[in-house]
Amino acid sequence: MEFSEKLKYWRNKKGLTQEEVAKEINVTTRTYQNYEGARAFPQQSKVYIALSQLFQISVDYLLFDDITSPNGKKGERTSLSSQLKFYFENPDISQEEKDTMFKKVESLYKKSKE
C-alpha cells in the first residue's frame with residue numbers, strides 16, 4: 001500500500017475528515033488533500049510524526065511500502081528505522097538539520113519508486 005492509500009485508509013478507519021486530520025497535524029486542508037491524492041509528500045519530519053501519533057501507527061509503516069503491519073517492521077528496515085529514530089530523537093541535532101536529512105531520505109525514496 002502506498003503512502004497516500006495508507007493515509008486515506010487510516011483516516012477513514014478513525015472516522016475523521018480530511019479537514020480534521022489537517023488541523024490535527026497542523027497543515028492546510030489543501031496540503032493534506034495533496035498528500036492523500038499522491039500529489040505531494042510531507043516535507044518536514046514532524047508531519048510524519050504527527051500522522052503516526054494521530055493514527056497510532058509507526059512512521060516506518062507510513063514511509064515504506066513493503067511494511068505491511070502498521071506497528072511492525074520487515075527485514076532490513078529495522079536497522080535503518082532504528083538509526084533514523086535515533087537521529088530524529090537526538091536533542092543535539094537541530095530541527096533544521098533533521099528536516100534537511102528527512103528531505104534527503106524522502107528524495108531517495110521517491111527515486112526508488114521511479
Which residues satisfy the side chain to side chain contact (heavy atoms under 4.5 Å, CB included) test with [X], sequence neighbours excluded?
| X | answer |
| --- | --- |
| Gln53 | Ile49 |
| Ala40 | Asn34, Tyr35 |
| Thr28 | Arg30, Thr31 |
| Ala22 | Val27, Thr29, Tyr32 |

*asked:* Going by side-chain hydrogen bond (donor to acceptor under 3.5 Å, both in side chains), name the residues that satisfy it together with Gln33, two or more places apart in sequence or in a different chain.
replied: Gln18
_I'd like to know if the side chain of Thr100 reaches the main chain of Glu96, judged simply by a donor and an acceptor atom lying under 3.5 Å from each other, with no hydrogens or angles considered._
yes
*Residue pairs involving residues 33-48 (criterion salt bridge (Lys or Arg N to Asp or Glu O under 4.0 Å); sequence neighbours excluded)*: Arg11-Glu36
*salt bridge (Lys or Arg N to Asp or Glu O under 4.0 Å): pairs with one or both residues in residues 18-28, sequence neighbours excluded*: none
_Non-hydrogen atoms of Ser52 and Ser58 that approach each other most closely_ = CB-C, 4.1 Å
*If every non-hydrogen atom of Lys14 is compared with every non-hydrogen atom of Leu54, which pair is closest and at what distance?*
CE-O, 4.1 Å
*Decide yes or no for Phe3 and Leu63: does some side-chain heavy atom of the first lie under 4.5 Å from some side-chain heavy atom of the second?*
no
*Heavy-atom check, side chain of Ile57 versus side chain of Leu51, under 4.5 Å*: no
*Under the ring pair (Phe, Tyr, Trp, His ring centres under 6.0 Å) rule, collect the residues that match up with Phe55, sequence neighbours excluded.*
none
_From CG (Asp99) to CD (Gln43), nearest 0.5 Å_ = 9.5 Å
